Amino acid sequence: MIMKKVKKSRKAVTTASISMLSAMLLLSACGGGRAEGGAASEAQSPDGKVTLNFITQSSPLAPADPNEKLINKRLEEKTNVHINWKNYTSDVFKEKRNLAVASGDLPDAIFDAAYTDYELLKLAKDGAIIPLEDLIEQHMPNLKKVLEEAPEYKSMITAPDGHIYSFPWIEELGSGKQRIQAVDDLPWINVEWLNKLGLKMPTTTEELKKVLIAFKTQDPNGNGKADEIPLSFINKPGGEDLTFLFAAFGLGENWDHTVVTNDGKVVFTAADEGYKEAIKYIHELVQEGLVDVEAYQQDWNTYLAKGKDQKYGMYFTWDKANITGMNDTYDVMPPVAGPTGEVNVTRTNGIGLDRGRMVITSSNKNLESTAKWVDQLYDPLQSVQDNWGTYGDETQQNIFEFDEAKGMLKHLPLKGAAPVELRQKTSIAGPLAILDSYYGKYTTKPEDAAWRMDLLDKYMVPHMKAENVYPSVFFSIDELDRLSTIETDLFAYVLRMRTEWYQNGKIDQEWDAYLKELDRLGLQEWLQIKQAGYDRNNK
């Protein structure tokens, strides 16, 4: 599947905590490379093989030692570089990453690093990570070729001070309104229940409410118990939120509370009148007992378990195959009209770009070998495998078969496997680049991605009213400092109030005080910074 990332995860981090971390990193870097415990290494074997020490993250479904993955075995053979991995599961990685490097065990590099822009610039300012543009120029022909073919990415990964501090993850499929990341949290509705109850696909918010009431009261699963969950979601910004429905009431909502009007004005969605009307609608659903009572606290695993049991009338996610399976029980619900009769689909901000996917630390004594190893990840055929998985693995299901005559990796049928799970077992993530031009040349489109794009083209693209999205702006460290500081309280307040209003319905009485509190928390400054970044990016 195509990674839904798309949005660049930039959770607010306090200045104090990052300053403390980067100061400790700098002390570690100045202390030189120590080989134990994941620290930087100068090891080289008699046959010329270089050993590097990396910190990384992976899914619990993947091998604890990344060297057991066939992709990494082949990379070692090809590059003559051995990686000693200190690997953490993704749920604890950021904490362990920070603790490990702050304690003095500074590795040669941090792979699949998940660094925010703010963290990158702060660590660079304090000398804990190094600029990479010279290494790219001298030792990385594959990455150079990517940046020549798609020069817009060079500007996007270049910091305001002119340096490149991290290796990016780039993934394209489609462009503009047709790109696969244009909509994140799609609504999936139980069409078997619709058919059993003689109901049509809802076309308005009121029809949707009536359908959900029927799911609750008419025993569509036929077991004689009122155990159906009409509507479920995960109550936080992301692909499992229910905010897809907000667009029926106006501009809609986004993971970063940001939309751009067609005249180029940056709008904070959570202060918009349409946002208020959308929350009132969700409260009506809550009052009717239609919303999963666990939605406000549940995590992915809980959400997934109920989905596999087919308990949902409707839920939200990137691809139904990952929750309820690739079967005919659920289908995408086309966008519904709101009270005014308007139909709108909010476009997700960001693109398939993660700037902070890998960094090299200032303790690294093997810069040339490291750069050459990383550059292999940007070879087109290698990037495809890094992203999805590989071929010829005799121990588990393969994503690809390799057509030697065409030099192309061809996606194999998934055979009912959840694409995200198969990917987590076999791919290595990290820095890579898959450009739109690679499809049909180096790889086929994944069947699930092609299917998803067809759904978007048919149901979503015709209703996308916004001509603009908020771009992947690389702000200065001063701007990021202010944005992070403001967002820490602002975004938490927005989520808390939204959750309370879903349940208590007091949004009309409390709306004016809420808007004043948004301003007190720095909303107007936030808008100024975001607008300036948007205008600067569009020059």
Side-chain angles (χ1 to χ4, degrees), residues 1-6 57-66 68-74 89-91 112 169 171 173 180-181 184-186 188 190-192 234 238-240 299-312 315-332 352 381-403 408-430 432 434 439 442-456:
M1 64 177 283
I2 289 286
M3 179 72 78
K4 71 178 182 180
K5 182 61 191 63
V6 354
Q57 62 174 316
S58 67
S59 164
L61 299 175
D65 181 1
E68 294 181 20
K69 289 186 175 181
L70 183 55
I71 291 176
N72 282 326
K73 291 178 180 179
R74 287 174 174 158
T89 53
S90 303
D91 58 331
D112 210 7
W169 167 89
E171 185 181 27
L173 184 48
I180 196 168
Q181 302 99 345
D184 196 346
D185 55 339
L186 291 175
W188 301 95
N190 194 319
V191 290
E192 282 191 3
I234 297 179
E240 285 67 49
D299 60 11
W300 169 263
N301 291 329
T302 305
Y303 194 61
L304 176 62
K306 289 182 289 187
K308 286 186 173 180
D309 287 343
Q310 312 286 297
K311 288 191 173 183
Y312 298 143
Y315 69 95
F316 300 83
T317 197
W318 172 269
D319 182 342
K320 70 174 182 178
N322 295 321
I323 303 290
T324 53
M326 186 54 76
N327 51 57
D328 295 332
T329 303
Y330 292 83
D331 201 354
V332 70
L381 286 175
Q382 184 65 51
S383 279
V384 170
Q385 295 175 74
D386 300 341
N387 200 44
W388 283 299
T390 192
Y391 64 95
D393 192 332
E394 297 179 356
T395 66
Q396 59 188 337
Q397 183 176 345
N398 288 289
I399 288 281
F400 295 109
E401 62 179 356
F402 184 56
D403 185 332
M408 177 188 289
L409 291 160
K410 296 183 176 180
H411 281 84
L412 292 168
L414 290 168
K415 298 179 180 178
V420 69
E421 292 183 6
L422 189 55
R423 180 176 184 164
Q424 288 173 344
K425 291 176 183 177
T426 59
S427 67
I428 64 172
L432 57 88
I434 298 175
Y439 299 102
Y442 298 110
T443 186
T444 54
K445 290 180 182 179
E447 63 178 30
D448 56 308
W451 167 78
R452 190 180 194 275
M453 291 186 76
D454 287 343
L455 290 179
L456 294 182

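Position 1 is the first residue of the sequence; numbering continues from there. Both backbone and side-chain heavy atoms feed into the values below; hydrogens, waters and symmetry mates do not. As the structure is a computational prediction, the values presented were derived from the model and not from experiment.
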*Hey, mind stepping through Trp300 and Asp91 against side chain to side chain contact (heavy atoms under 4.5 Å, CB included) and telling me if it holds?*
CA-CA 11 Å; Trp300 169 263; Asp91 58 331; over 6 Å; no
*Leu422 and Ala417: which non-hydrogen atoms are nearest, and at how many Å?*
CD2-CB, 4.5 Å
*Is the number of heavy atoms from other residues, nucleotides or ligands under 6.0 Å of Lys445 NZ greater than 12?*
no
_Residues, nucleotides or ligands: over 12 heavy atoms within 6.0 Å of Asp454 CG_ = yes
*Working to the nearest 0.5 Å, report the span between OG1 of Thr329 and CD of Gln310.*
5.0 Å
*asked:* Has Asp319 got a side-chain atom pairing as donor or acceptor with Ala321's backbone, closer than 3.5 angstrom?
replied: yes
*Are any non-hydrogen side-chain atoms of Tyr315 and Thr324 less than 4.5 angstrom apart?*
yes
*Taking the six-membered ring for Trp, are Trp388 and Phe400 parallel (under 30°), tilted (30 to 60°) or perpendicular (over 60°)?*
perpendicular
*Kindly say whether Pro66 contributes a backbone atom to a donor-acceptor pair with the side chain of Asn72 at under 3.5 angstrom?*
yes
*Sub-3.5 Å donor-acceptor pair from the side chain of Thr444 to the main-chain atoms of His411, do we have one?*
yes
*Could you pull out the closest heavy-atom pair between Asn190 and Tyr330, with the gap in Å?*
ND2-OH, 3.4 Å
*Using atom types as modelled and distance alone, determine if a side-chain donor or acceptor of Trp169 lies under 3.5 Å from a backbone N or O of Ala429.*
no
*Pro60 backbone acceptor or donor facing Gln424 side chain under 3.5 Å*: no
*Output the distance between atom CE (Met408) and atom CD (Glu401), rounded to the nearest 0.5 Å.*
11.0 Å
*With no hydrogens and no angle check, is any side-chain donor or acceptor of Ser90 less than 3.5 Å from a backbone partner on Gln57?*
no
*Answer whether the closest heavy-atom distance between the side chains of Ile71 and Thr426 falls below 4.5 Å.*
no
*asked:* Suppose we call two aromatic rings close when their centres sit under 6.0 Å apart. Are Tyr312 and Tyr303 close by that rule?
replied: yes
*Taking C-beta and beyond as the side chain, do Leu173 and Met453 meet within less than 4.5 Å on heavy atoms?*
yes
*Mind checking what makes salt bridge (charged side-chain N to carboxylate O under 4.0 Å, His left out) contact with Lys425, not counting sequence neighbours?*
none
*Any side-chain heavy atom of Ile180 sitting closer than 4.5 Å to one from Trp318?*
yes
*When rounded to the nearest 0.5 angstrom, what distance separates CG in Asn322 from NZ in Lys308?*
9.5 Å
*From CD1 (Ile323) to CD (Glu240), nearest 0.5 Å*: 6.0 Å
_Flag, side chain of Lys320 to backbone of Trp188, donor-acceptor distance under 3.5 Å_ = no
*Of all heavy-atom pairs between Thr390 and Asn398, which one has the smallest distance, and what is that distance?*
O-OD1, 3.6 Å
*Main-chain N/O of Gly389 paired to Arg423 side chain as donor or acceptor, under 3.5 Å*: no
_Nearest-0.5 Å distance, CG of residue Asn387 to CD of residue Glu171_ = 4.0 Å
*asked:* Tell me the closest heavy-atom pair linking Ser427 and Asp386, and the distance in Å.
replied: CB-O, 3.2 Å
*What are the two closest non-hydrogen atoms of Gly238 and Asp184, and how far apart are they?*
C-OD2, 4.3 Å
*Would you call Ile434 and Tyr442 a side-chain contact if the rule is heavy atoms closer than 4.5 Å?*
no
*asked:* Measuring from atom CG of Leu432 to atom CD of Gln385, what distance do you get when rounded to the nearest 0.5 angstrom?
replied: 11.5 Å
